[in-house]
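Let me begin by presenting the structure, written as structure tokens, before commenting on it.
These numbers come from the heavy atoms of this one structure, side chains and all, not from hydrogens, waters or symmetry mates.
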Amino acid sequence: MRVHEFDCFGEKPGEGNPALVVEKGNGNPGWRRALARERGLTCVFVDPVDGRVDAQLGAQLSTQVGQADAPGNAPEGEPGIVAVLDYVYPHMRSPLCLHATLAAAQLLFEQHGSGAPLGVKTAMHGQALVLSRAAEHVFVRLARQEAPALELDTALPLRLLAAPDLVLASAPRVLSVGSPKLLLEVADVDTLYGLQPDLALIHVWGKNAGVNGCYAWCRTGDGEVEGRNFNHLEPALEDSATGVAAGALTLLLGQGLSVRQGRATGQACLIRTGLEGDAVLVGGLVSRSASAVA
């Protein structure tokens, strides 16, 4: 087994949201969860493929690569699937984690020694992802995914956020680029960082609704937003960067964004997104961690 640590979505090298990339690890799900709990970090397990790309997956990749220019756009051509990515948090397995995908992408680009796009698929849902690189930035190209069609009453978000007097700045929405998020817009940064949500209630509601947590956000400028993700039972495990939420916000607002996150955790992160037709690009800076991991 080989374990690599990367910092993703940092504003400069050595900063950002850490993730462990595990090669040649044990395939037992219980073992993988135990490793993530032991290390206290999101883990992405890079598993081999048999070299065969089925027609549907190949069509997804071809469609994603053949879109118009956007940040991180790679040369036209259809990449083959080079790996299967399995995402495991300390508390659960996940269908998709974008900062961990960026970490895996950086390792795969190092190994393949080329700037050409690479294709991967997710272990849980077989979702096709195209990875591209532009200088020190890595991007993941995703397609919009089906999200649960929920009727959200006005009181539910306030119960989840434990803020009965809160007035949301827009209607709540559930959108997905691979991991559905409940998007809740608040008025400003002070409101955002004053939130103390009911994490246990969010966990129970999300499990029943098929939604992976809440993403509270606010507008800070033209094409700029700031957010916080609530998807862990322990406040100390709050995400410093949530790429799937940034992708969902890009769909909601219909434009590329600069998404800042991590002030609450002391790990300032910057997520960059773009639109390519129906596809969403999510990416940012990736660097090897100063922590030595074998």
Side-chain angles (χ1 to χ4, degrees), residues 9 44 53-74 76 78-79 81 84-85 87 94-102 104-105 117-132 138-152 170-185 206 209-217 219 223 225 227 229 231 239 241-259 261 271-284:
F9 295 129
V44 54
V53 182
D54 62 57
Q56 182 178 5
L57 200 57
Q60 291 181 48
L61 289 169
S62 181
T63 298
Q64 290 187 52
V65 172
Q67 301 286 350
D69 290 340
N73 190 37
E76 291 189 7
E78 182 178 323
I81 297 291
V84 177
L85 304 183
Y87 309 96
S94 177
L96 180 64
C97 174
L98 284 190
H99 90 273
T101 303
L102 294 191
L118 299 173
V120 296
K121 67 176 180 178
T122 63
M124 284 185 67
H125 294 163
Q127 182 182 356
L129 307 175
V130 176
L131 314 176
S132 60
V138 178
F139 290 85
V140 184
R141 187 179 288 105
L142 311 111
R144 182 174 189 150
Q145 302 293 303
E146 184 176 349
L150 303 176
E151 292 188 11
L152 301 169
S170 61
R173 292 282 303 277
V174 175
L175 292 170
S176 178
V177 293
S179 182
K181 292 289 180 184
L182 174 59
L183 305 176
L184 303 173
E185 184 183 5
V211 176
N212 291 318
C214 301
Y215 194 77
W217 64 283
R219 303 170 199 251
V225 303
N229 187 59
N231 192 33
D239 287 346
T242 313
V244 289
L249 271 179
T250 301
L251 289 175
L252 177 67
L253 299 178
Q255 66 177 102
L257 299 171
S258 294
V259 182
Q261 190 178 334
I271 307 169
R272 303 180 187 276
T273 76
L275 287 171
E276 288 188 345
D278 293 332
V280 178
L281 285 172
V282 179

Atom of [X], atom of [Y] and distance for their closest heavy-atom approach:
X      : Y      : answer
Leu251 : Ser176 : CD1-O, 3.8 Å
Ala105 : Leu131 : CB-CD1, 3.6 Å
Ile271 : Ala241 : CD1-CB, 4.0 Å
Pro172 : Leu184 : CB-CD2, 3.5 Å
Tyr87  : Cys97  : CE2-O, 3.4 Å
Gly210 : Pro148 : O-CG, 3.4 Å

Tell me which one of Val140, Val44, Val84, Leu129 satisfies side-chain contact (heavy atoms from CB on, under 4.5 Å) with Val120. Leu129

Do Thr122 and Gln127 pass the side-chain hydrogen bond (donor to acceptor under 3.5 Å, both in side chains) test, and can you show the C-alpha distance, the side-chain angles, and the key distance before you say yes or no? CA-CA 5 Å; Thr122 63; Gln127 182 182 356; 4.8 Å; no

Pair Leu152-Leu182, side-chain contact (heavy atoms from CB on, under 4.5 Å): steps then yes or no: CA-CA 10 Å; Leu152 301 169; Leu182 174 59; 3.6 Å; yes

Report yes or no: do Glu185 and Ser170 form a side-chain donor-acceptor pair below 3.5 Å? yes

Short question: side chain of [X], backbone of [Y] - any donor-acceptor pair under 3.5 Å?
X      : Y      : result
Lys181 : Gly213 : no
Ser132 : Pro117 : no
Glu276 : Leu281 : no

Are any of the side-chain heavy atoms of [X] and [Y] separated by less than 4.5 Å?
X      : Y      : value
Val282 : Val177 : no
Leu257 : Trp217 : no
Arg144 : Leu175 : yes
Val244 : Asn212 : no
Leu253 : Arg219 : yes

Taking it one step at a time, do Tyr215 and Asn231 satisfy side-chain contact (heavy atoms from CB on, under 4.5 Å)? CA-CA 8 Å; Tyr215 194 77; Asn231 192 33; over 6 Å; no

How many angstroms lie between OG1 in Thr242 and CD in Gln261, if you round to the nearest 0.5 Å? 3.5 Å

For the CG atom of Leu85 and the CE atom of Met124, what is their distance to the nearest 0.5 Å? 13.5 Å

side-chain contact (heavy atoms from CB on, under 4.5 Å) evaluation trace for Leu98 with Leu142: CA-CA 10 Å; Leu98 284 190; Leu142 311 111; 3.9 Å; yes

